[in-house]
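Letters A, B, ... mirror the listed sequences (proteins, then strands); counts begin at 1. Here the structure is a predicted model, which means the values were calculated and not measured.
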Amino acid sequence: MTQHNTQQAQRQAAMAVLAHAEAGEIAARLRAIPLPGHQDLREPENGLVMLRGRVGGDGAPFNLGEATVSRAAVRLASGEVGFGYTLGRDGEKARLIALCDALVQSRDFGGLVERDVIAPLREQLMIRRKQAAEETAATKVDFYTMVRGEG
Amino acid sequence: MYVAVKGGERAIENAHRLLANARRGDQSVAEVSLDQISEQLGLAVDRVMSEGSLYDRELAALAIKQARGDLIEAIFLVRAFRATLPRFGASEPVDTGAMRVKRRVSSTFKDIPGGQILGPTFDYTHRLLDPSLSQGFVPEAPAVAAASTAPTPRVTDILGRDGLIETSPQAEDGASVGDLTREPLNFPADRYLRLQNLARGDEGFLLAMGYSTQRGYGRNHPFAGEIRFGEVEVEFATEDVGFAVPLGSIELTECQMVNQFKGSATEAPCFTRGYGLAFGQSERKTMSMALVDRALRARELGEEVGAPAQDEEFVLSHSDNVQATGFVEHLKLPHYVDFQSELGLLRKLRKEFAEASAESNTPDTMKEAAE
């Protein structure tokens with residue numbers, strides 16, 4: 001069970017990075033790996049997911065509005081099945097995420113895909129986020145409450 | 001009753017060809033790209049996503065281009081598109097407390113944990129037209145400062161710790177989340193359905209309704225407890241995968257209004273809340289939404305109900321600009337048969353009136369009138 005949970009956490013962490021990358025970036029990184037045989041288990045398909053918020057930010061859920069989502073599934077010749085889901089309508093990106101998810105679960109390729117695909121993309125994402133956070137931080141203000149007359 | 005007409009195919013086809021040319025404008029002027037709309041008219045894109053109720057920047061940009069910048073027409077196009085796709089399911093509720101904040105201000109506390117962050121805002125600009133933007137403008141690179149890793153809790157969470165503000169209503173176990181795109185809205189409507197309606201409601205309508213509460217039509221003394229804008233992660237729990245799958249992030253604006261409440265025999269006085277949430281950077285929209293959300297809680301909070309913004313059926317039935325424009329604009333379609341029958345009726349009534357007038361001028365009726 002623990003091993004199952006660890007693998008699930010790894011897959012989620014990989015997906016959280018891949019969903020933020022462009023299809024072209026993922027494809028370019030995957031070229032560094034000698035890919036095993038694989039096939040589409042589910043062709044890329046576009047659809048909608050209803051996005052939910054919470055009343056007051058922390059209360060009961062409500063339906064905010066939908067988002068476009070693309071999804072796909074890929075099976076490695078060795079049997080691992082990977083799923084790809086991403087916001088937007090880029091079916092190729094969903095397929096690449098599914099392929100990566102299958103590779104993450106593979107004993108032979110799990111380490112490689114983490115090292116050559118996920119880790120560099122994660123680093124890029126962190127750099128972009130850090131840059132944005134620093135630009136935001138420069139707009140932090142201190143408001144002073146003015147007291148009328150001389151105190 | 002609307003009776004359909006036939007014919008006019010050639011004229012309609014030619015009108016649409018003319019529209020395509022009018023949309024393109026002077027062809028010696030460069031065509032706008034979807035990227036240009038998405039990047040440089042970003043707030044229009046945000047509005048079309050919010051009221052079109054579909055988060056997809058590229059589609060919203062396409063809709064704006066196709067609609068020649070008519071945002072309500074663009075919203076209509078986006079709504080029509082969403083009806084063509086299957087729905088995979090619903091996301092986990094987003095956690096706005098974990099937002100990667102790009103802007104966050106509070107008008108109630110100046111020293112909030114995580115700080116006040118102005119972000120990209122029109123606030124404090126002088127609203128003078130800037131001629132330097134008319135051509136070839138290159139902005140100075142953004143300033144940077146060390147980013148804090150301190151959390152930025154919602155201001156309402158801070159007030160909540162002391163019990164000074166009401167807690168948010170929680171869902172009952174196993175309760176389903178009603179969806180007004182699937183079932184028609186009935187009155188009285190639960191708050192989560194009202195929020196869904198307001199989230200896709202017309203910004204101008206909500207602005208006017210919110211403004212009316214400030215001017216005294218359902219006054220409830222609001223403070224902008226917090227407005228935050230930034231990125232939140234979206235997760236989708238799906239059976240095929242077996243766990244919550246990260247889908248990427250979306251931009252949201254959230255507004256927490258803090259309002260007065262005098263308490264009751266059984267409840268100590270505390271602040272109450274109005275809530276606004278919308279796609280993108282939609283500050284005016286979420287502030288208006290939060291004012292109207294609070295106004296619509298009048299009955300629940302035992303307040304006198306009389307102002308338009310407190311009238312749930314009135315507000316929720318007129319907030320949707322696609323429905324509204326459909327009904328208003330259908331008036332310009334051919335109503336020839338309708339109008340002929342009205343015309344026939346009117347002629348008959350006028351004839352009767354004329355006959356009655358002629359009779360009333362006879363001596364008999366003049367005598368009656370004199371009595």
Side-chain (Asn63(A)) to main-chain (Gly178(B)) donor-acceptor, under 3.5 angstrom
yes
Give the member of Val245(B), Thr238(B), Leu195(B) that has the highest number of heavy-atom pairs under 4.5 Å with chain A.
Leu195(B)
Give the member of Gly65(A), Gly47(A), Gly88(A) that has the highest number of heavy-atom pairs under 4.5 Å with chain B.
Gly47(A)
With chain B as the partner, which of Thr86(A), Val81(A), Thr68(A), Leu18(A) has the greatest number of non-hydrogen pairs under 4.5 Å?
Thr68(A)
What residue in Val101(B), Val94(B), Thr96(B) has the most heavy-atom pairs under 4.5 Å with chain A?
Val94(B)
With rounding to the nearest 0.5 Å, note down the distance linking CZ in Arg104(B) to OG1 in Thr136(A).
12.5 Å
Of all heavy-atom pairs linking Ala60(A) and Ala171(B), the shortest is CB-N, 3.5 Å
Could you tell me which portion of Val234(B) (side chain, backbone, both or neither) has an atom closer than 4.5 angstrom to a non-hydrogen atom of chain A?
side chain
Before giving the answer on salt bridge (Lys or Arg N to Asp or Glu O under 4.0 Å), spell out for Asp240(B) and Arg42(A) the whole-Å C-alpha distance, their side-chain angles and the decisive distance to 0.1 Å.
CA-CA 11 Å; Asp240(B) 52 3; Arg42(A) 183 161 66 200; 2.9 Å; yes
Within 6.0 Å of CD in Gln7(A), more than 12 heavy atoms from elsewhere:
yes
Pick from Tyr55(B), Phe243(B), Tyr192(B): which one has the most heavy-atom pairs with chain A under 4.5 Å?
Phe243(B)
Under 4.5 Å from any heavy atom of chain A - which part of Gln170(B)
both
Stepwise side chain to side chain contact (heavy atoms under 4.5 Å, CB included) test for Asp179(B) and Met50(A)
CA-CA 9 Å; Asp179(B) 181 354; Met50(A) 175 56 90; 3.6 Å; yes
Give a yes or no on whether the backbone of Ala141(B) and the side-chain of Glu135(A) come within a donor-acceptor separation of less than 3.5 Å.
no
May I ask you to name which of Ala19(A), Ala132(A), Gly82(A) has the most heavy-atom pairs under 4.5 Å with chain B?
Ala19(A)
For Ser168(B) and Asp58(A), the nearest pair of non-hydrogen atoms, with its separation, is OG-OD1, 2.5 Å
Residues, nucleotides or ligands: over 12 heavy atoms within 6.0 Å of Arg75(A) CZ
no
Grab the two heavy atoms, one from Glu45(A) and one from Pro86(B), that are nearest each other, plus how far apart they are.
OE2-CG, 4.1 Å
Sort Arg82(B) into side chain, backbone, both or neither according to what part of it lies under 4.5 angstrom from a heavy atom of chain A.
both
Say you draw a straight line from CD of Glu235(B) to CG of Leu51(A); how long is it, rounded to the nearest 0.5 Å?
12.5 Å
Determine whether Leu54(B) and Leu48(A) satisfy the following criterion, side chain to side chain contact (heavy atoms under 4.5 Å, CB included), listing intermediate values before the conclusion.
CA-CA 9 Å; Leu54(B) 183 65; Leu48(A) 301 169; 3.4 Å; yes
Which atom pair, heavy atoms only, marks the closest approach of Leu87(A) to Ser249(B)?
CD1-O, 3.5 Å
Would you say that Arg191(B) contacts Phe62(A) through its side chain, given a criterion of any heavy-atom pair below 4.5 Å between the two side chains?
no
Rounding to 0.5 Å, atoms CG (Asn46(A)) and CG (Leu85(B)) come to a distance of 6.5 Å
Identify which of Arg71(A), Arg54(A), Gln8(A), Met15(A) forms the greatest number of heavy-atom pairs closer than 4.5 Å to chain B.
Arg71(A)
Where does Ala244(B) contact chain A at under 4.5 Å (heavy atoms): side chain, backbone, both or neither?
both
Is Ala143(B) close to chain A through its backbone or its side chain, or both, or neither, when contacts mean heavy atoms under 4.5 Å?
both
CZ/Phe271(B): more than 12 non-hydrogen atoms of other groups inside 6.0 Å:
no
So which residue, Ala137(A), Gly59(A), Ala73(A), Gly56(A), ends up with the most heavy-atom pairs under 4.5 Å with chain B?
Gly56(A)
Under the side chain to side chain contact (heavy atoms under 4.5 Å, CB included) criterion, do Thr139(A) and Lys102(B) qualify, and how do the steps go?
CA-CA 9 Å; Thr139(A) 70; Lys102(B) 294 182 178 175; over 6 Å; no
Under the side-chain hydrogen bond (donor to acceptor under 3.5 Å, both in side chains) criterion, do His20(A) and Glu233(B) qualify, and how do the steps go?
CA-CA 10 Å; His20(A) 285 275; Glu233(B) 295 296 318; 3.1 Å; yes
Answer key: most heavy-atom pairs under 4.5 Å with chain B among Arg129(A), Arg11(A), Glu66(A) is Glu66(A)
Taking side chain as everything from C-beta outward and backbone as N, CA, C, O, which of these in Leu198(B) sits under 4.5 Å from a heavy atom of chain A? Side chain, backbone, both or neither.
neither
Please say whether more than 12 non-hydrogen atoms of neighbouring residues, nucleotides or ligands are located less than 6.0 Å from CD in Glu22(A).
no
Would you mind telling me which of Glu58(B), Gln196(B), Arg57(B) has the largest number of heavy-atom pairs within less than 4.5 Å of chain A?
Gln196(B)
Minimum heavy-atom separation for Val49(A) and Phe88(B), please, with both atom names.
CG2-CB, 4.1 Å
Yes or no on side chain to side chain contact (heavy atoms under 4.5 Å, CB included) for Arg200(B) and Leu64(A), after CA distance, side-chain angles and deciding distance?
CA-CA 8 Å; Arg200(B) 50 199 266 135; Leu64(A) 177 63; over 6 Å; no
Could you tell me which of Ala290(B), Gly119(B), Ala199(B) has the largest number of non-hydrogen atom pairs under 4.5 Å with chain A?
Gly119(B)
